[in-house]
Amino acid sequence: MEFLQPALLWGFLAVTIPVVIHFWYQKKGKTIAWAASQWLIDKTSLQNRGLRLDEIPLLLIRCLLVILLVLLLSKPIVNWFRSSPLTEKIHLVEPDNLLVSNFRFELENAIKKGEKIYWIGAEKQEAKDISVVPKQKDVELYLQKSISRVSETGKELNLYISYNQKLAGLPKIYVPGSFKLFSIIDSTLKAAISYLDLGNGKKLFADRNPNGVVQLKVTGVTDNIPASQFASEPVHKGKIQVLIDYKNPAEQQTVQAAMLALGEVYSIPFVIDLAKKTDIKYEWIFTDQKMMETNPGTLYFIRNDNARQNLSENIIPIQDSLRLSTSELVQNGAVPEWVGNILVAHYKLNEDIIPLSQQQLNARFISVKPVANQNANKIYQWLLLFFVITLIVERWIALRKNTSQTYA
């Protein structure tokens, strides 16, 4: 027997409460002199001497009520009548022709053994003929739902998926019970990594760690990737002209320090001006002033109250001024990270489909212990019914006992 709330089993100690109350109630009676009581002294003293046998059933029932209440709160799961562990497998397959072709032998053997095969998709669809692969877009969005839908207690899940980079952007995927992962890399997929040319042979690109978090990387510094993996042309080459134009000197200094830190860590060639120069075309502009005219090729960081009339894709509204007293980003030292994420999105460094590594793919899936909800619900219903019946019996005995004593 297992319990969903085992900490509540300490409540069994409360079974001593009815016993203590019973004996305490017997001792606290007082003898009161009454003229007619002399005729009842012998009989009453005999009945009240020691533990009365007619009160034992009521005491036991009340102790049983406490035990049943503790069991109800601790939510037990009984597996006594469960058969021996099942070795049957369930197969969940991504509807992809290349994937099915690669694992055709395993899937055909599963069909011969009578094991169930399902397609990943919006609806639960059993694959009785693997030669007919349904068309399904955005399969990764239905992966968690499909796993939860086909998982059965005691059965092993075989999961067939491809090394899809889109999985990295999703939350962790939880698989009830044990599972095995079968995956392939599409050799026909030409993964081209978008990058910024930093000069001196260095390239800045975006990658995802096993937890799905986007991270900036520089070739030759933090990673070593063959040149064939990168796109033929960079999304940007050379220096990035930045204008930081704030009326508040503290705010201007904060943004400048964040840009210098980001540029130093990733070798990004930022050229920062604190005053506008007419002969320079700026690619990034930080300002707290209203912009009457905007350049489509320039990225603007404008305070929210000044940007309402100029909303477009190249305008980043800032909720608060970037000062220590008003901005959580500044207080947490997260301005460089925030600017880095905007850089990734602006230059579209993470849009190309890059296959996940085996380590990254395995990190997306977490095995969890399945909860036998059906068994838990059944035992809970029976315990609740037994508790109600016991409570009714206790009340009936108690009322009957009080009535008999009143008319005695």
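Note that the coordinates shown come from a computational prediction; the quantities given were computed from them, not determined experimentally.
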Side chains of Leu69 and Phe387: closer than 4.5 Å at any heavy-atom pair? yes
Smallest heavy-atom separation, Gln136 atom then Ala122 atom, equals OE1-N, 3.8 Å
Tell me, with the steps shown, if Trp338 and Phe301 meet ring pair (Phe, Tyr, Trp, His ring centres under 6.0 Å). CA-CA 12 Å; Trp338 171 66; Phe301 296 79; 5.8 Å; yes
Any Ile61 side-chain heavy atom under 4.5 Å of Ile397 side chain: yes
Kindly check if the number of other-residue, nucleotide or ligand heavy atoms within 6.0 Å of CG (Asn200) is above 12? no
Taken to the nearest 0.5 Å, the spacing of Ile193 CD1 from Thr219 OG1 works out to 10.0 Å
Minimal non-hydrogen separation, Leu322 against Ser327, with atom names: CD2-OG, 3.9 Å
I want to check something: taking the side chain as every heavy atom from C-beta on, are Tyr160 and Val100 in contact at a cut-off of under 4.5 Å? no
Is the closest side-chain donor-acceptor distance between Asn295 and Tyr300 under 3.5 Å? no
Gap separating the CE atom of Met259 from the OG1 atom of Thr254, nearest 0.5 angstrom: 13.5 Å
Contacts of Gln252 that satisfy side chain to side chain contact (heavy atoms under 4.5 Å, CB included) - sequence neighbours left out: Ile244, Tyr246, Leu274
Side chain to side chain contact (heavy atoms under 4.5 Å, CB included), that's the test. Do Tyr347 and Ile342 meet it? Break it down for me. CA-CA 9 Å; Tyr347 291 109; Ile342 294 175; over 6 Å; no
Where is the tightest heavy-atom contact between Ala127 and Trp119, given as atom of each residue plus distance? CB-NE1, 3.2 Å
Flag the pair Val139 / Tyr142 as yes when at least one side-chain heavy-atom distance between them is below 4.5 Å, and no otherwise. no
Is there side-chain contact between Leu143 and Leu159, with heavy atoms separated by less than 4.5 Å? yes
Check this for me, if you would: do Arg62 and Glu394 make a salt bridge, where the nitrogen-to-carboxylate-oxygen distance has to be below 4.0 angstrom? yes
Distance col, row Leu196:CG vs Lys202:NZ, nearest 0.5 angstrom, shows 14.0 Å
Atom CZ of Phe105 and atom CG of Leu107: how far apart are they, to the nearest 0.5 Å? 11.0 Å
For side chain to side chain contact (heavy atoms under 4.5 Å, CB included), just list the numbers for Leu260 and Glu264, CA-CA rounded to whole Å, side-chain angles, deciding distance to a tenth of an Å, and then say yes or no. CA-CA 6 Å; Leu260 290 175; Glu264 182 179 354; 6.0 Å; no
Can you tell me if NZ on Lys124 sees more than 12 non-hydrogen neighbours from other groups inside 6.0 Å? yes
Do Arg104 and Ser101 have side-chain N/O donor and acceptor atoms under 3.5 Å apart? no
Nearest heavy atoms of Ala250 and Asn248, plus distance in Å: N-OD1, 2.8 Å
Pro18 and Val66: which non-hydrogen atoms are nearest, and at how many Å? CG-CG2, 4.1 Å
Has the side chain of Thr298 got a donor or acceptor atom that lies under 3.5 Å from a matching backbone atom of Tyr282? yes
Within 45° cone of Tyr195 ring axis and under 6.0 Å: Lys203 NZ or CZ: yes
For Ser183 and Leu361, which heavy atoms make the closest approach, and how far apart are they? OG-CD2, 3.5 Å
Evaluate the side-chain proximity of Leu204 to Ile268: yes if any heavy-atom separation is below 4.5 Å, no if none is. yes
Pair Glu283, His236: side-chain N/O donor-acceptor within cut-off below 3.5 Å: yes
Under a 4.5 Å cut-off applied to non-hydrogen side-chain atoms, are Leu71 and Phe12 in contact? yes
Are any of the side-chain heavy atoms of Gln241 and Phe270 separated by less than 4.5 Å? no
